[in-house]
S.K.: 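Below: one structure in structure tokens.
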Amino acid sequence: MTDRPDDDVLGDLEPTQVRLRFAPSPTGLLTVGNIRTALFAWAFARHYGGKLVLRIEDTDAARNTPEALQYTLDSLRWLGLDWDEGPEVGGDYGPYLQSERMDIYADVVAKLLSAGRAYHCYCSQEELDQRREAARTAGQHSGYDGHCRNLTEEQVTAYVEEGRRPVVRLRMPDRPIVFEDLVRGEITFLPENLGDYVLVRANGHPLYPLVNPVDDALMEITHVLRGEDLLPSTPRQIALYEALAEIGVGGGRTPRFGHLPFVMGEGNKKLSKRDPGSGLGEYMERGFLPEGLLNYLALLGWSIAEDRDVFTMAEMVEAFDIRKVNANAARFDPKKCEAINAAHMRLLDPEEFGRRMIPFLAKDGMLPAEPSDDQLAVLRAAVPLVQERMNTLSESVDMLGFLFVDETAFTLDPDAAGKVLTGDAGAVLEASVKALGDVEWTTEAIEAALRTSLVDGLGLKPKNAFGPVRVAISGRRVSPPLFESLELLGREKSLHRLEQARSSLPAE
RNA sequence: GCCCCGUUGGUCUAGUGGUCAGGACGUCCGGUUCUCAUCCGGAAGAUCACCGGUUCGAAUCCGGUACGGGGUACCA
């Protein structure tokens, strides 16, 4: 028992008893920061063979929409971060939408109140502000001063008659609260800095500091991984867990916490949903692979080994250890994110690589959503040509569009044409047409014919010889390997484009 | 103001008393080459925030300072 290496993480739990939750508020799109939190919670749960619960914190009705919820679920599915309990999958601890749990909160608050662990506070906003300001200038902490902790019947009656509507506050214990953070170690808060805080608004609306621990307790969550912004409120939540245990709500266990560092953007601020590059949608549209994005995000605060940074999610699950997570904030580096993604692109099975390009080519009208067998054959043949020269899937449009585009819609990039189709390009194209006219249409034969004609015949350097041909048939200065491209394009289209390009050149 | 967290090359990190402080991204140079990539080779880049202490010995332990971040709500 005592020699289990993970005792400081698991305590008396068996690994499979571990229950984590990811609790997004569906106010919009998932950000890379949210995703990193979800990833670590997921990896933690999967590592121990425990459960991951998805709970939706949608108590703020004004900011939540069904669409945003659906988008959140779809996003997690796309990423491959699956959950064992929650929306769309059910579970024994539901409902998993906080908006459907309001009666539960009301019931818990009533119990807290009657047990004396919470009390009504009738202070007005102005009174609070005034006293807070006074405490502050006196160099004291600025939390609630406990004014209404022990009101008499008469005082309460008086307040009620004044028409005051009370909030509900938790009675904080008068002792230090110490806990062992899974990523930061022991953290201590002194009681003088922990004022009684509000659980329920005067209008009856339950607040986050109430519903979050109540749900964690009821759902028997054993480990909480969340952003470091919640660290300062942790002692207050711990006090609530203890109160809940006392009144018999939930499993009676206070979860262990791990506060993850922020993912920072430019400058020194937390990457927010308003920052470009922060939203998952951008990465999906740009054609990042879920495994690539996740791999990069994992690197922000965690590492699998000293000399390794490309790995699969299966490997991450195997190796993940919350104790090895860094406590310091990390800056999101778009370049490295793309580089890690590119590494995963090259690791992909070619068949799979081809499949994943289809939606991107289809989006730009290069291919139908369900390509024909012929189109699939071309795509399959093109994969080896482009797999190692793409960083994201969306680049497939620029890279392969020329193979699929309708002949009438094919155009030359003006910049490429202007720079390459000049001078003796006309002669090069003319010679190319002649050389390819009746050659066997294979990569080898095409290359031989063009080398003989352009390099040997016209005495051009390969670079100058093939440049015009490349622009003529692909429309771009950068393309997959030329001879293979010609073969894939086919004799008819190739010759047609070469002639078109030649005739577009001004007469000498 | 008060409380909490953090600080290793430009960036992400390895590292828990003895290492030439390792790797990756990025950058630069070179090779391969039909473009672009890939791949291969090489280079530059770190007083381990600062000051003091403990120690034969400190990036690693202790204290302080500075700087950065977060919290301090009837937001989440």
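Note that these values count all heavy atoms, side chains included, but never hydrogens, waters or copies made by symmetry. Here the structure is a predicted model, which is why all the values come from computation and not from measurement. The chains referred to below are lettered A, B, ... by the order of the sequence lines, with proteins before strands, and numbering in each begins at 1.
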S.K.: How far, in whole Å, is A43(B) from C36(B) if one measures between their C1' atoms?
M.R.: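 Looking at atom C1' only, C36(B) and A43(B) are 24 Å apart.
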
S.K.: Of the listed nucleotides (G6(B), G70(B), G23(B)), which one gets closest to any side-chain atom of Arg184(A)?
M.R.: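 The answer is G6(B), which lies nearest to the side chain.
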
S.K.: Please tell me which of the listed nucleotides, C12(B), A14(B), G70(B), lies nearest to the side chain of Arg331(A)?
M.R.: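 The answer is C12(B).
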
S.K.: Look at Arg132(A) and A73(B) and indicate whether a side-chain polar atom (N or O) is within less than 4.0 Å of OP1 or OP2.
M.R.: yes

S.K.: Taking only the C1' atom of each, what is the distance from U7(B) to A44(B) in whole angstrom?
M.R.: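 It comes out at 25 Å once rounded to the nearest Å.
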
S.K.: Taking the C1' atom of each, how far is C5(B) from U47(B), in whole Å?
M.R.: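 Taking atom C1' in both C5(B) and U47(B), they lie 26 Å apart.
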
S.K.: Taking 4.0 angstrom as the limit, do Glu127(A) and Arg132(A) come out as a salt bridge?
M.R.: no

S.K.: In whole Å, what separates the P atom of A49(B) from that of G6(B)?
M.R.: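 About 14 Å, rounded to a whole number of Å.
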
S.K.: Report which part of the nucleic acid Arg165(A) touches: base, sugar-phosphate, or nothing (heavy-atom distance under 4.0 Å, all strands).
M.R.: nothing

S.K.: Just how far, in rounded Å, is P of G6(B) from CG of Leu230(A)?
M.R.: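 The answer, rounded to whole Å, is 16 Å.
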
S.K.: Tell me the partner of G45(B), counting only Watson-Crick (N1-N3 plus N6-O4 or O6-N4) or G-U wobble (N1-O2 and O6-N3) with both under 3.5 Å; none if nothing fits.
M.R.: none

S.K.: I'd like to know if the side chain of Gln140(A) and the backbone of Ala135(A) have a donor-acceptor N/O pair within less than 3.5 Å.
M.R.: no

S.K.: Taking U55(B) as the reference, what is the distance to G63(B) when you measure between their C1' atoms (whole Å, please)?
M.R.: 16 Å

S.K.: Looking at Tyr197(A), does the NZ or CZ of Arg236(A) lie under 6.0 angstrom from its six-membered ring centre and within 45 degrees of the ring axis?
M.R.: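 Pair Arg236(A)/Tyr197(A) counts as cation-pi.
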
S.K.: Between U54(B) and C61(B), how far apart are the two C1' atoms, rounded to whole Å?
M.R.: 8 Å

S.K.: Return the nucleotide paired to G30(B): Watson-Crick means purine N1 to pyrimidine N3 with N6-O4 or O6-N4, wobble means G-U with N1-O2 and O6-N3, both under 3.5 Å.
M.R.: C40(B)

S.K.: Identify which nucleotide among C75(B), C12(B), U38(B) has an atom closest to any side-chain atom of Leu300(A), counting heavy atoms from C-beta outward.
M.R.: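 That would be C12(B).
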
S.K.: So which atom in Val428(A) and which in Ala465(A) form the shortest heavy-atom distance, rounded to 0.1 Å?
M.R.: CG1-O, 3.3 Å

S.K.: For the side chain of Lys335(A), starting at C-beta, report the closest nucleotide among A76(B), C74(B), G26(B).
M.R.: G26(B)

S.K.: When we call it a touch if two heavy atoms are under 4.0 Å apart, what does Glu133(A) touch: a base, just sugar-phosphate, or nothing?
M.R.: nothing

S.K.: So, Tyr283(A) side chain and Gly277(A) main chain: donor-acceptor pair closer than 3.5 Å or not?
M.R.: yes

S.K.: Base, sugar-phosphate or nothing for Phe262(A)? Non-hydrogen atoms, less than 4.0 Å.
M.R.: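 Sugar-phosphate contact only - Phe262(A) comes under 4.0 Å of backbone atoms but never of a base.
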
S.K.: Could Arg36(A) and Phe40(A) be counted as a cation-pi pair, given that NZ or CZ must be under 6.0 Å from the ring centre and within 45° of the axis?
M.R.: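 Because its charged atom sits under 6.0 Å from the ring centre and within 45° of the axis, Arg36(A) does stack over Phe40(A).
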
S.K.: So which nucleotide does A21(B) pair with, by the Watson-Crick or G-U wobble rule with both distances under 3.5 Å?
M.R.: none

S.K.: Any side-chain N or O of Arg308(A) below 4.0 angstrom from OP1/OP2 of A24(B)?
M.R.: no

S.K.: Are Ser142(A) and C3(B) close enough that a side-chain N or O sits under 4.0 Å from OP1 or OP2?
M.R.: no

S.K.: Which listed nucleotide (G70(B), C25(B), C4(B)) is nearest to the side chain of Asp333(A)?
M.R.: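 Nearest listed nucleotide: C25(B).
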
S.K.: Regarding Asn391(A) and Glu338(A), is there a side-chain donor-to-acceptor distance under 3.5 Å anywhere?
M.R.: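 Per modelled atom types, Asn391(A) and Glu338(A) side chains form a pair under 3.5 Å.
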
S.K.: Which part of the nucleic acid does Asn326(A) contact within heavy-atom distance under 4.0 Å: base, sugar-phosphate only, or nothing?
M.R.: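 The residue Asn326(A) makes sugar-phosphate contact but no base contact.
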
S.K.: For Phe189(A), which contact category applies under a 4.0 Å heavy-atom criterion: base, sugar-phosphate, or nothing?
M.R.: sugar-phosphate

S.K.: By the 4.0 Å heavy-atom rule, please label Ser303(A) as base, sugar-phosphate, or nothing.
M.R.: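 Counting heavy atoms under 4.0 Å across all strands, the contact made by Ser303(A) is with sugar-phosphate only.
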
S.K.: Considering every strand and a 4.0 Å limit on heavy-atom distances, what is the contact class for Gln125(A): base, sugar-phosphate, or nothing?
M.R.: base

S.K.: From C-beta outward on Arg470(A), which listed nucleotide comes closest to its side chain: C12(B), C34(B), A76(B)?
M.R.: C34(B)

S.K.: Name the nucleic acid region contacted by Thr234(A), choosing base, sugar-phosphate or nothing; use a 4.0 angstrom heavy-atom cut-off, strictly under.
M.R.: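 No contact at all - Thr234(A) keeps every heavy atom at 4.0 Å or more from the nucleic acid.
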
S.K.: Could you check which nucleotide pairs with A58(B) in any of the strands shown, counting Watson-Crick or G-U wobble with both distances under 3.5 Å?
M.R.: none

S.K.: Could you check whether Arg256(A) makes a cation-pi contact with Phe179(A), meaning its NZ or CZ is under 6.0 Å from the centre of the six-membered ring and within 45° of the ring axis?
M.R.: no

S.K.: Using a cut-off of 4.0 Å on non-hydrogen atoms, how would the nucleic acid contact of Lys419(A) be classed: base, sugar-phosphate, or nothing?
M.R.: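 Nothing, no nucleic acid heavy atom in range.
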
S.K.: Want to settle it: does Lys324(A) or Cys121(A) sit nearer the 5' end of RNA chain B, counting the closest nucleotide to each?
M.R.: Lys324(A)

S.K.: With rounding to whole Å, what would you report as the distance between A59(B) and C51(B) at their C1' atoms?
M.R.: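 16 Å, rounded to whole Å.
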
S.K.: Under a 3.5 Å limit for both distances, which nucleotide forms a Watson-Crick or G-U wobble pair with U35(B), could you say?
M.R.: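 Base-paired to nothing in any strand shown.
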
S.K.: When all nucleic acid strands are considered with a 4.0 Å heavy-atom cut-off, which category describes Val198(A): base, sugar-phosphate, or nothing?
M.R.: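 Since only primed, P, OP1 and OP2 atoms lie under 4.0 Å of Val198(A), the category is sugar-phosphate.
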
S.K.: Does Asn391(A) make a side-chain N or O approach to OP1 or OP2 of U38(B) shorter than 4.0 Å?
M.R.: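 So the side-chain polar atoms of Asn391(A) never come under 4.0 Å of the phosphate oxygens OP1 or OP2 of U38(B).
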
S.K.: Do we get Arg497(A) above Phe410(A)'s six-membered ring, with its NZ or CZ under 6.0 Å from the centre and within 45° of the axis?
M.R.: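 So Arg497(A) does make the cation-pi contact.
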
S.K.: Can you tell me how far C1' in A46(B) sits from the matching atom in U8(B), rounded to whole Å?
M.R.: 7 Å

S.K.: Under 4.0 Å, counting only non-hydrogen atoms across every strand here, what does Ala327(A) touch: a base, just sugar-phosphate, or nothing?
M.R.: sugar-phosphate

S.K.: Need to verify one output field. Residue with the more 5' nearest nucleotide on RNA chain B, Gln140(A) or Val478(A)?
M.R.: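 Between the two, 5'-proximity favours Gln140(A).
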
S.K.: Which base sits across from A66(B) as a Watson-Crick or G-U pair, both distances under 3.5 Å?
M.R.: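 Per the H-bond distance test, U7(B).
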
S.K.: For Gly139(A), report the nucleic acid contact type (base, sugar-phosphate, nothing); a contact means any heavy atom under 4.0 Å.
M.R.: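 If one applies the 4.0 Å heavy-atom cut-off, Gly139(A) turns out to touch the sugar-phosphate alone, with no base involved.
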
S.K.: Describe the nucleic acid contact of Leu190(A) in one word from base, sugar-phosphate, nothing, applying a heavy-atom distance below 4.0 Å.
M.R.: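 No contact.
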
S.K.: Heavy atoms under 4.0 Å, any strand shown: does Pro235(A) hit a base, just sugar-phosphate, or nothing?
M.R.: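 The answer is nothing, as Pro235(A) stays clear of every strand by at least 4.0 Å.
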
